[in-house]
Amino acid sequence: AGTSETIRIAAICGSLRKASFNRGLIRSAIRICDESIGGMKIDFVDIEPLPLINTDLEGVAGVSFPAPVEAFRSRVLRADGVLFASPEYNYSVAAPLKNAIDWASRAPNAWAGKPAAIMSAGGGFGGGRSQYHLRQIGVFLDLHFVNKPEFFLNAFQTPPKFDSDSNLIDPEAKEKLKQLLLSLQGFVLRLKEA
Ligand code: FMN
């Protein structure tokens with residue numbers, strides 16, 4: 001009885017580099033979720049294998065996709081919600097993330113109706129400008145973003161927010177991240193009830 005089913009969240013990182021701070025945010029989110037939030041599991045979904053968007057790679061009727069695209073789309077479809085972690089590139093959404101979003105938007109749009117949360121680590125504004133572009137993209141895709149708390153983190157501060165392995169070490173940021181995850185969990189549950 002009740003809400004016994006575990007919510008599954010697909011975590012997507014817009015940065016492909018090994019030492020990515022945004023990837024570090026996802027590792028931290030997974031740990032926080034496992035250690036101090038019940039009923040929710042975060043799965044990292046790698047977008048690195050995706051080819052650049054090119055509709056010539058689609059099947060004749062536009063219903064089949066290259067294998068890595070098919071795999072990515074089905075992981076998005078299966079997820080109860082999405083957690084985006086992405087740097088800002090030139091004031092906007094990082095190209096690898098936009099590429100992944102575009103692939104999964106091809107009909108049938110895998111993002112439709114999904115609750116989602118955004119976090120970002122970057123320069124002075126912590127990637128904030130890219131978050132508003134991502135929210136705008138989500139309008140057309142019918143993604144439903146949680147509004148608060150907003151999570152932007154300047155990754156280049158002293159004392160450092162990340163250790164030398166790009167793991168988040170700042171207690172205040174970890175607490176904020178936990179609040180974001182709780183907000184996403186609450187939103188997913190509310191949408192499920194509706
Ligand atoms: N940081 C910003 O805050 N705003 C930007 O507009 C911005 N543009 C960038 C453009 C490019 C092409 C690259 C490679 C980096 C840019 N940066 C910008 C710096 C990134 O925020 C920084 O490299 C960050 O560490 C990337 O995230 P990651 O550690 O997850 O890879």
Side-chain angles (χ1 to χ4, degrees), residues 9-35 41-54 68 71-72 75-76 79 81-105 111 114 116-141 143 145-181 183-184:
I9 302 295
I12 298 170
C13 185
S15 170
L16 305 184
R17 68 186 192 99
K18 282 192 187 67
S20 163
F21 296 123
N22 287 280
R23 184 76 180 81
L25 290 181
I26 291 179
R27 280 193 301 277
S28 192
I30 289 172
R31 201 165 308 127
I32 290 166
C33 197
D34 288 347
E35 288 172 5
K41 182 105 181 58
I42 299 173
D43 305 299
F44 174 65
V45 179
D46 194 3
I47 60 170
E48 207 271 332
L50 296 174
L52 282 177
I53 182 90
N54 177 350
F72 177 68
R75 291 199 65 182
V76 171
V82 183
L83 177 63
F84 293 99
S86 182
E88 172 178 298
Y89 283 175
N90 297 312
Y91 282 25
S92 191
V93 177
L97 176 59
K98 183 59 164 55
N99 185 58
I101 289 173
D102 289 343
W103 269 125
S105 76
W111 306 108
K114 297 279 177 200
I118 317 174
M119 51 188 183
S120 60
F125 289 175
R129 287 162 295 223
S130 71
Q131 291 202 13
Y132 294 116
H133 280 192
L134 183 52
R135 286 176 185 272
Q136 181 180 329
I137 292 164
V139 173
F140 185 64
L141 300 177
L143 272 165
F145 288 110
V146 295
N147 289 323
K148 287 179 181 172
E150 293 186 294
F151 187 100
F152 317 115
L153 187 62
N154 180 345
F156 306 101
Q157 298 181 69
T158 314
K161 304 285 179 189
F162 294 88
D163 68 14
S164 54
D165 294 320
S166 298
N167 288 312
L168 186 64
I169 50 172
D170 183 75
E172 216 175 291
K174 283 186 186 176
E175 178 54 33
K176 186 113 184 240
L177 182 41
K178 182 178 173 187
Q179 295 307 317
L180 176 69
L181 297 175
S183 177
L184 177 61

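As the structure lists them, so they are numbered: ligands from 1, and atoms in each ligand from 1. Note that the structure is predicted; figures quoted are calculated from it, not measured.
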For [X], take its heavy atoms, then give the atoms of ligand 1 lying under 4.0 Å from any of them.
{"X": "F156", "value": "22 (C), 25 (O)"}
{"X": "S15", "value": "28 (P), 30 (O), 31 (O)"}
{"X": "N22", "value": "27 (O), 28 (P), 30 (O)"}
{"X": "G123", "value": "1 (N), 2 (C), 3 (O), 21 (O)"}

Compare all side-chain heavy atoms of [X] with those of [Y] and state whether any distance is below 4.5 angstrom.
{"X": "D43", "Y": "R75", "value": "yes"}
{"X": "E175", "Y": "Q179", "value": "yes"}
{"X": "R27", "Y": "R23", "value": "yes"}
{"X": "L181", "Y": "I42", "value": "yes"}

Just to confirm my output: which protein heavy-atom neighbour is closest to [atom], and how far is it?
{"atom": "atom 8 (N) of ligand 1", "value": "N90 N, 2.8 Å"}
{"atom": "atom 21 (O) of ligand 1", "value": "G122 CA, 3.3 Å"}
{"atom": "atom 26 (C) of ligand 1", "value": "P87 CB, 3.5 Å"}
{"atom": "atom 7 (C) of ligand 1", "value": "E88 O, 2.9 Å"}

Ligand 1 and [X], any nitrogen or oxygen pair closer than 3.5 angstrom?
{"X": "F21", "result": "yes"}
{"X": "G124", "result": "no"}
{"X": "S20", "result": "yes"}

Relative to each other, are the rings of F162 and F21 parallel, tilted or perpendicular (30° and 60° limits)?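 Because their plane-to-plane angle lies in the 30° to 60° range, the rings of F162 and F21 count as tilted.
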Could you check whether any side-chain N or O of [X] sits under 3.5 Å from a backbone N or O of [Y], counting only pairs where one atom can act as donor and the other as acceptor?
{"X": "K114", "Y": "A79", "answer": "yes"}
{"X": "W111", "Y": "V76", "answer": "no"}
{"X": "Q131", "Y": "F151", "answer": "yes"}

Can you figure out which of F162, Y91, Y89 has its heavy atom closest to atom 15 (C) of ligand 1?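 Among F162, Y91, Y89, the closest heavy atom to atom 15 (C) of ligand 1 comes from Y89.
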What part of R17, side chain from CB on, backbone N/CA/C/O, both or neither, has a heavy atom under 4.0 Å from ligand 1?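 For R17, the contact with ligand 1 is made by the side chain alone.
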Pairwise distance CG(L97) to CG(L134) - rounded to 0.5 angstrom: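 Rounded to the nearest 0.5 Å, the CG-CG separation comes to 6.0 Å.
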